[in-house]
Each structure stands twice: as C-alpha cells, then as structure tokens.
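First the proteins, then the strands, lettered A, B, ... as listed; each starts at 1.
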Amino acid sequence: MNNFDGNKLIQEFSKIQSELFPRIKLENNFQIENVQLIAGVDLSYWNLNERKYGTCCIVIIDYSTKVIVEKVYSYGEIQTPYIPGFLAFRELPLVIEAVKKLTKQPDIYMFDGNGYLHYRHMGIATHASFFLNKPTIGVAKSYLKIQDVDFIMPENLKGSYTDIVINNEVYGRALRTRISVKPIFVSCGNWIDLDSSTEIVLNCINNESRLPIPVRLADLETHKIRKLLMESGME
DNA sequence: GCGACAG
DNA sequence: ATCTTGTCGC
C-alpha cells in the first residue's frame, strides 16, 4: 500500500468504472415479494507492523423475521489506499473472499457506502453487483458531495426523505430512518429501483440504530472479529 | 498552505 | 475507517 503512483492508479480505476457503467440497470421491475434473505456487508481495519489489515463481515438475515441466518468473514492485508470515489477497489477483494464462504445465497446485498450516488455512478454497492450477480443497495452514513450539489435535509419524521438530483438525474436520497437523528443516504446499487431500495431499508430499521439491521450487524461483527484476530496474533 | 473527503 | 469516557437527553 506504500509508494504507489496515485495518478496512475486513479486513471486505471476511472477506466474500469467507466467500462462498468453501461451495465447498470435500475429499472428491473424488482419484486420485493420475492425477497427472503438480505445480506449486510461491512469492513473494519487495524494496523500491525507498518501494514494495514482489514476484515470483511457479511451477515444474512431473514427479511420477514429479522433472524440471523448466516455469518461469514474474511481478513487480510489491505493493498489499496482509500481514495474518495474509489472505495470499491480497496474493499472488494475481501468482500469477494467472504462471499465465497457463504452457504446461503442472499436475494439482496446491502453495503456500507454508496451505489449510484457517486461521481460516475459506480460506488461500491454498484461495483460489487457485477461480482455478486445479485441486486445491491448502497447505504452511506455521510454525504458524498457531487458537483457541488448539497442535499436537502428531510423533515424530522421517520421515513421522510429528499431526493438528491444532479443534472436532472436522481442519484439517491437522504432518508430519515429515525426521528431526531441524522439521515442516511440510500442509493441503488444495481438491478433494483430507488423506491424498492428505500422500502427495504425502512423495513430493516429497529430501535437500535439509524442504520438498517443487516449493515448494523455486519458493522458490529467486524469489530468482534477484529478483536478476535488481534488477540490471537492473527496467524 | 488550505479545504475536501463514501469508508 | 481509526484514536476514545463520560455525559446530556429522550
């Protein structure tokens, strides 16, 4: 992760993103009735001997009962730096490794980060869809400002939202999942529409967090696994 | 030098 | 993302 050529990396990454972009399909007559299992994906990091490591956790829940159905994780050294707009290149290697360990196949993956709400519509949720071949949703905790466009704060009511429109195109929305708590930023990943994404996210909110359960659980899990790996010396 | 900046 | 305790408020 050291001495890399930042400009060369960004050029290479931008090219990959622009090549994937035409394959995005948001109008997919997505059927929520067919959703049974939802996966939440998240990562956490730590340093050791001048190197950076990370763990990716995936938690699958049953959409109707909210019961945890499966948990898996992967971990390893992180090879790519964090560059705003290119999060996928840093996190996807471990995500893909973790996905291989799943014994159940989720109907949807929810990511901690954006999807279509991105400079080139290629946030991690969208980028990941091409490896997962499943619909994905992006859920970010903070706003990634694009082309100087600010988001409009939604009303202080659970479920209220404002769309984020840039050049006449809806990129995503600021969604208030709990009253008197900062909104989250929901966007399509791929093969799903924004209304369905919003409905699913809202249906996964409980009293524990402003984040939907799958992502929240994956987040908690990464902290547990990191602690476990660090204490065991990470052999 | 200063501000931006998903995680 | 990460470094980190108590504390104010519903």
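What separates CZ of A/Phe151 from P of B/dA6 is a distance of 13 Å, to the nearest Å. Atom C1' of nucleotide B/dC5 and atom CG of A/Asn114 are separated by 12 Å, given to the nearest angstrom. In this structure, A/Leu48 atom CG and C/dA1 atom C1' are separated by 17 Å, rounded to whole Å. At whole-Å resolution of the value, CZ in A/Arg51 and C1' in C/dT2 are 20 Å apart. Residue A/Gln147 contributes atom CD, which lies 17 Å from atom C1' of B/dA6 at whole-angstrom precision. Rounded to whole Å, the distance from OH on A/Tyr82 to C1' on B/dA6 is 5 Å. Rounded to an integer number of Å, the gap from CZ of A/Phe89 to C1' of B/dA6 is 14 Å. Atom CZ in A/Arg178 sits roughly 18 Å away from atom P in C/dG9 (whole-Å rounding).
Taking the six-membered ring where tryptophan is involved, the planes of A/Tyr143 and A/Phe185 are tilted, since the angle between them lies from 30° to 60°. Between A/Trp191 and A/Phe130, the ring planes lie perpendicular to each other; the angle is over 60°, past the 30° to 60° tilted range. The aromatic rings of A/Phe86 and A/Phe13 are tilted relative to each other, their planes meeting at an angle between 30° and 60°.
Using a 4.0 Å cut-off, some side-chain N or O of A/Arg226 falls inside it from OP1 or OP2 of C/dT2. Between A/Ser142 and B/dG7, a side-chain N or O to OP1/OP2 separation shorter than 4.0 Å is present. The side chain of A/Lys141 contributes an N or O atom lying less than 4.0 Å from OP1 or OP2 of B/dG7.
No donor-acceptor contact under 3.5 angstrom links the side chains of A/Tyr73 and A/Glu97, judged on distance only. In this structure, a donor-acceptor pair under 3.5 Å is present between the side chains of A/Tyr63 and A/Asn203.
A/Gly138 comes within contact range of no nucleotide atom at all, as no heavy-atom separation falls under 4.0 Å. When heavy atoms are screened at a 4.0 angstrom cut-off, A/Phe86 is found touching base atoms of the nucleic acid. Within 4.0 Å of A/His127, counting heavy atoms only, lies no atom of the nucleic acid at all. If you check every strand for non-hydrogen atoms under 4.0 Å, A/Asp42 touches sugar and phosphate atoms only. Using a 4.0 Å heavy-atom cutoff across all strands shown, A/Ile124 reaches at least one base atom of the nucleic acid.
With the 3.5 Å cutoff on both pairing distances, Watson-Crick and G-U pairs in DNA chain C never assemble into a run of at least 3.
Two rings, from A/His127 and A/Phe89, have their centers less than 6.0 Å apart.
Between C/dT2 and B/dC5, the distance separating the two C1' atoms is 15 Å to the nearest Å.
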Could you go through the side chain to side chain contact (heavy atoms under 4.5 Å, CB included) check for A/Ile200 and A/Ile32 one step at a time?
CA-CA 8 Å; A/Ile200 290 169; A/Ile32 289 186; 4.1 Å; yes
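At most 12 heavy atoms of other shown residues, nucleotides or ligands fall within 6.0 angstrom of atom NZ in A/Lys182.
Here A/Phe185 does not lie in a stacked arrangement on the base of B/dA6, lacking the combination of planes under 30° and ring centres under 5.5 Å apart.
Side-chain proximity of A/Asp112 to the nucleotides B/dC5, C/dT2, B/dG7 is greatest for B/dG7.
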